[in-house]
Structures are given as structure tokens and as C-alpha cells.
Amino acid sequence: MAHNHMNEALTVTRGLGIPDQEVIPVYKNLLKVYGDNLEFIAEENYRALVDAYFEQKDDSKQEGEVKGMKSGKEPERFLSVGKEERVFPKLDHTSKKPISKESKTPLTSSGSQLSKPSKPSESKYRLVHPPPRSNVENSNFIEQVKNKISLNTPPTAKPFDRPLGEPSSSHVSREKKLLLKPRKEKHYSPLSPRPISTIHPELRKPPVKVGVKMDNPPLEVGVKMDNPPLKKANTCENGDTHPFFKVQKKPYNFLEDISKGTEKVGISLLDEIGNERIPKFNYIPQSIIYQNANINISLARIVDEDCCSSCSGDCLSSSLPCACACETGGEFAYTPQGLLKEKFLKACIDMKEQPEDHHFVYCTDCPIERSRNDDKFEKCKGHLVRKFIKECWRKCGCDMKCGNRVVQRGISRRLQVFFTSEGKGWGVRPLDPLPEGAFVCEYIGEVLTNMELYNRNKKSSKDRHTYPVTLDADWGSEGFLKDEEALCLDGTYHGNVSRFINHRCSDPNLVDIPVEVETPDRHFYHLAFFTTRKVAALEELTWDYGIDFNDKYHPIKAFRCSCGSPNCRDKTRKRLDFETLSKAVVLLSLSKTRRVVFPPTTSWSLPSLVSSSAALRCLVYLGNELMDWACLDRVWGSDQFAFFFQSSSSRKRLLVCSTLAISSSPWPTFALAIGSSPASPSSVGNKSNVYNISKESRDRKPLTSIGFKISYNKLFVVSDQP
Ligand SMILES: C[S@@+](CC[C@H](N)C(=O)[O-])C[C@H]1O[C@@H](n2cnc3c(N)ncnc32)[C@H](O)[C@@H]1O
């Protein structure tokens, strides 16, 4: 299969005049990055391979390592805009610093166990030039914008030969993929050299100024839009070439094993967008106890009835279940294949998804409420009673291969941390398909008292992501829990791959199940993730955090949920429909946390806007009310990008696409179109579906086009074109 696949790939690359010996190493690297998922590489006639090959080639050329193609003739290549700024993944996992000891403070970059991605060197910048001004001078900006961004009009002008939203590189259609074009012909074209306000009367309106109120408000700079004097389009004030025309190459971030060899299988990390900083935390494969968390592990506490000292080998193969199966009703929870039994799994999922009243216990003196230690002492909000798995443990006679020892043997599935496209940050996906009931990983972190967690949360109140879980599955069975017995796990500074698993309000593909491994008291237990159904390779793994989005004191800090599930519990996020969106004012903003230096010292190109120094968001206002916001979702080439919004009509996603244009003002201008994506939210992150979305969107008429003007660190909407 793999052999045929490579032969097929070589047939394609030979057709492009690429020598086999040059493409084979690139192919092998791609297999590593996508975990041998051949279909990803084969998609669109091996586009990923061809792109990666040329990108690497370009890079080497620029670095002076390669003098030219061996044949002396540059092979034709696919029309590619979307990925040309990228460099083939650099395997960069060299940091071998010792694991730091428990620490109260977050690791600094120097303390991180993870190596940083290599910065693109200067040599990776390329100058691209706009066509002569006279080509476009007389055209109406909006018309051009509409041409360019139209989701349903076939493009005419060369620079705009791809409709907005249609991914340019790895997402072009089969018909287009053979549209070969020598690389040197490629260029980025301005829409208009004139500032938009000089063209359309509507655009002369003052910028919309809105009172922004949100968790992470964008920098509020109400700058009046002015009409800067016409300047030569590609010249800066100081006479240099306009930095906008510099396109920065971006490497993918790829680490082969973030576990630093501590897991049986390597856990890779991939950021295909190439924008995100490598997360800073210390990877540990087993939880560690912090300060005064009280865990009493002692063989003396395991009584004979509670273990199987007379067993040997594999307990599952014996005709009568041993004492260790008592916890699960006299039957082991696992099948001989190491999967959870269907009945047990279903019971666990039901209790989590549709808990009944009697599944909750309420403590009289709740440690969560107590930890707040303020006047607003509230009643216990309830703790979900959970089903436990009990695995054989150290006092048992069986061996480590016993079928009742699954979680304690650790991760055996190939997992990858990847940067999600829905603004959730990093997420986790398997590199191979997973069957139903499979153990994936355990939540690992520092074992803290609930009190300590509360104090940490207070100190880190501004952090975007939080990583705690409360070990409260058995809090109801004891009258009073001392502070040191009310425990939780915090994966913020020390944790494993599970700290990256995102939340989904309903139908998550993982369920968390408490597991007893070394102590019968349930103040401390292991929390293990099992698949709730079959999971496809590269499908994002999610679990329900059980978060209450209305409770601001909940140990898991509320966030704006982008789980995309039709039953999302986050009601603070208002769902949009087409009509609302087409009436709304849309503001693009750079996030406050990742400030760009202004005026920009390097480049105003889109790649630089979305580089690690800036995060672009799309805010949707109706009047003064912030309806919704989304982080940048997709970038195609140097000038097209899109945001996705969860629509009120269940499974559809609304798409806001924008095109960056070059005006003669010092600031780039933006144009916007709104369409809808018929694909299911969960599939949006999937490469192959992105193409479908844009293709489908193109068949619909864009409802509206909006012109933007960028002013300082905000982009103001200056015109709503009906
Ligand atoms: C345990 S971490 C998960 C990993 C995290 N995404 C990251 O980049 O490190 C939990 C945090 O991820 C983000 N997150 C998880 N699920 C999310 C969702 N459904 N929607 C939006 N953000 C989510 C929230 O910021 C949350 O505090």
C-alpha cells in the first residue's frame, strides 16, 4: 500500500520533471508529519508533496545551498499562492534541558523543555511587486473588490483567478491543480492604488467607532480615518520599498516528540499555520504531588479482599473474575482486546451526558465554596457521582500484561498536538483511527489541593487557557473533606498531552472515567480518557469539561466556547444568522495580548499580521452590541483570509472572508464578503473540507461586501456595500 502510494506520487512528480532522489526525502518527511496518513498526502494529486518539494527547494535556493535545478530547467509547478510563504517542516526538537523541579511559577522560555521553532531567517523574505499602477487606476475599488472576493463569479483578471475562500495551495480543485504556472510568474497584485475613501462616496464616511466590551478587548484606538496623500504604492515614507510587498516565509512548527521520550509512543506537535508559539510547559508522564496535597498510598491499606494476590498471569483469561472486578459489578471493565466493554462505556457516557438528579451529591461544606474564603459563601453546586474502574495493582499476583491493567500501562496510541482552526488554541488528534472504548491517555498534572488551585487561578486570572480538573468524583461519600483531601490536577506547568484536549459541550468523542490504581481511597484517583465511539485518524479529540459557563467561580475558568456542537451550553455566545451578519458592522482587530509594534517596522503583509506578533480577530457588532467574535481561521496566500462563525441554524457555519488589498496609503485596505459554509462544524478543520466549504460558498451569492480601512491597530469598516 505504502509502496504503491509512493510510486503513484513519483509518477506525479516525474511528470513535473522532479528527480526521484530529490522528492523521496520530502515524501518521507511528510509521512512523519502526518503520521503516515497517506490520503492526506495523496489529496489533490499529491499537492502537499509538490508544494513541500518546491518550498524546500526555494528555501535551499535562497540560502544558497542549491545552485539550481539539476536539469537546468525549472519544472513547471502548480499555481500556488497559499503555501508559498511556508517552509517545509523543520524538525526541531533539540532541547535536552533537564526536567525542572516542581515550581510555583510558570516555566520561562529558558525553563521550557520544548525547543522553540526556528525563526525564519532574513533570506526567507521575498520581494514581490505589484503590477504597474496604470493597469488598475481607473477601476472602481468596490467593483474590483467584488470581483476579487465574489464567491460566485468566475474570476477574470489574472491576479484574482481564484475566488475568495478557495484555498489556493493544497485546496485547489482537481481541474485547477493541473493549471501549471512557472513560479516566476506569480505575483501579488494590489486591488487599487488609491485609498478607498477617494473612490466611493460611501467610503468617505467617518469610521465606525464602537465601544468594545469583551474578555480580551482589542486595543481601543479611535482614530479618525483620514485621506493620506497619494504616495507611490510601493514606497514607504522613508523612500524604501513598501514593506507590504515583503512576504515573510513561515515555517510550520513541528516537533517530533513533546514527551521527550517519556511515553512509549512519541507525541508530535504540528502547527500548520506556522504562527503559534510552542507551548511552554514541562511534559511529565505521571502526576506529581504538590506541597500539602494529601495522598495516602500504602500497601497496608489494600486489604486482601480488595486485590487478587493469588492470581497469576492475566486475570481476564481466568474463568471466574477475581476480586478486582468487584468494583465493576463482578465483571471486568475491559475486553481481552483492551477496550472498554460497551455496556460499561455506555453507562459512563450516559451519566456524564444525561445525568439524573440522583447522580449528583451535594456536600454540606463544599471545598470549592470554602476555598473562596469570602463573604459570598454559597451552597454546594453538586458533584457528579461517577462510575470507577478498578485496575489490578501492586499487591495483585498477576503480571503487567494482565488485561485489567490498561491505564497504568500508559499511552499506546499515536497522538498529535495540533493548532486548531476554530480559535480554541492547541488541540489533540490521533494519527490512526481509534476503535470505540479505546484508552487514549490519562489527565496528568500536579496534584494540588483545591485551595491551591483557587489561589493559582486568582494569580493567573488573565491567562487565556486554563488546565485544571477537580477530582471530585467521590466527594459526596464523605461527610467532611479536609482541605488537603479535596484534590485536583493542574496541567498548567507540568502535564502531559491531555492538557491540550479541548472541550465539547455534547457528543464529545472522549469520556473521562475515574480509575483506581494504587489507593482505595478516592481522594486521589486517575482520570482516564476513553473513546465514546470510533474516531477517524486526525479527527480532533474532545471531552466535556463539565464546565458551567455561568459560574465565574468554577475552577475551570469559563471561556467563549467554540465547540461547534448544536447543543453548546455557552449561551453567552450569541449565534448569528445570515441576516444579522449582513446588517452587522464587522471590525477586524488585532488582539491586545499580542500587540504589533506600530507603525509596523517590518511588514503590513497578511502573513505578518497573523504572525506570532499579532492575532487577528473579527468582531461582529449589531449597533453597539458585540454579537460574536472569531479568531482568524484560514489564511490563503498573502491576501485572503476567513473567519468562521457558528450559525444559529444548527450545523451551518457562517463564513466571513476578507481580501487584503494594497492602496497607495501607508495602510492596506480590506474587502469583505459573507457566505455560508454547509460543512459540519467539526469538519471545518479538515483540509479536504475547507475546499468544499469555499466551493459551496462560491455557489451562493455573497450577501454583502464591506470595505475596510486599517487605522492604527484597528481596521474600521468604512462602507457597507449593498
Ligand atoms: C485544557 S486547555 C486545552 C488546550 C488549549 N486549547 C491550549 O491551546 O493549550 C483548556 C483551554 O482551551 C480552550 N478551549 C478548550 N475548549 C474550547 C472550546 N470548546 N472553545 C473555546 N476554547 C476552548 C480554553 O481557553 C480553555 O481554557
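For ligands, and for the atoms within them, numbers begin at 1 and follow the listed sequence. Numbers here simply count residues along the sequence, with the first being 1.
Atoms of ligand 1 found under 4.0 Å from any heavy atom of Asn502 (numbered from 1 in listed order, with element): 3 (C), 4 (C), 5 (C), 6 (N), 12 (O), 13 (C), 14 (N), 15 (C), 16 (N). Listed by number with element, the atoms of ligand 1 under 4.0 angstrom from any heavy atom of Ile501 are 3 (C). The contact set between ligand 1 and Cys563, taken as ligand atoms under 4.0 Å from a residue heavy atom, comprises 19 (N). Counting atoms of ligand 1 from 1 in the listed order, those under 4.0 Å from a heavy atom of Cys561 are 19 (N), 20 (N).
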Next on the checklist: Apply side-chain hydrogen bond (donor to acceptor under 3.5 Å, both in side chains) to residues Asp257 and Ser259 and explain how you reach the verdict.
Outcome noted: CA-CA 5 Å; Asp257 183 11; Ser259 87; 2.8 Å; yes

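Among the atoms of His503, some N or O lies under 3.5 angstrom from an N or O of ligand 1. Considering both main-chain and side-chain atoms, Tyr467 comes within under 3.5 Å of ligand 1 through a nitrogen or oxygen pair. Looking at Thr466 next to ligand 1, an N or O pair under 3.5 Å apart turns up.
For the pair Arg429 (side chain) and Leu415 (backbone), a donor-acceptor distance under 3.5 Å is absent.
Note on ligand 1: Arg560 sits in its first shell, one or more heavy atoms being nearer than 4.0 Å. Residue contacts with ligand 1 do not include Pro279, since none of its heavy atoms lies under 4.0 Å from the ligand. Contact annotation: Tyr545 has at least one heavy atom less than 4.0 Å from an atom of ligand 1.
Residue-level proximity to ligand 1 for Thr420 is absent, since no heavy atom of it falls below 4.0 angstrom.
Judged as a side-chain contact (heavy atoms from CB on, under 4.5 Å), and not counting sequence neighbours, the contacts of Asp483 are Arg370, Met451. Arg386 pairs by the salt bridge (charged side-chain N to carboxylate O under 4.0 Å, His left out) definition with Asp512, not counting sequence neighbours.
Stacking of Arg413 on the aromatic ring of Phe439 is not recorded, the 6.0 Å distance cut-off and the 45° axial limit not both being met. Both the sub-6.0 Å distance and the 45° axial angle are not jointly satisfied by Arg499 relative to the ring of Tyr443.
Nearest to atom 17 (C) of ligand 1 by heavy atom, out of Phe419, Phe500, Phe559, Phe281, is Phe559.
Aromatic pair Phe524/His526: ring centres closer than 6.0 Å. Less than 6.0 angstrom separates the ring centroid of Phe529 from the ring centroid of Trp543.
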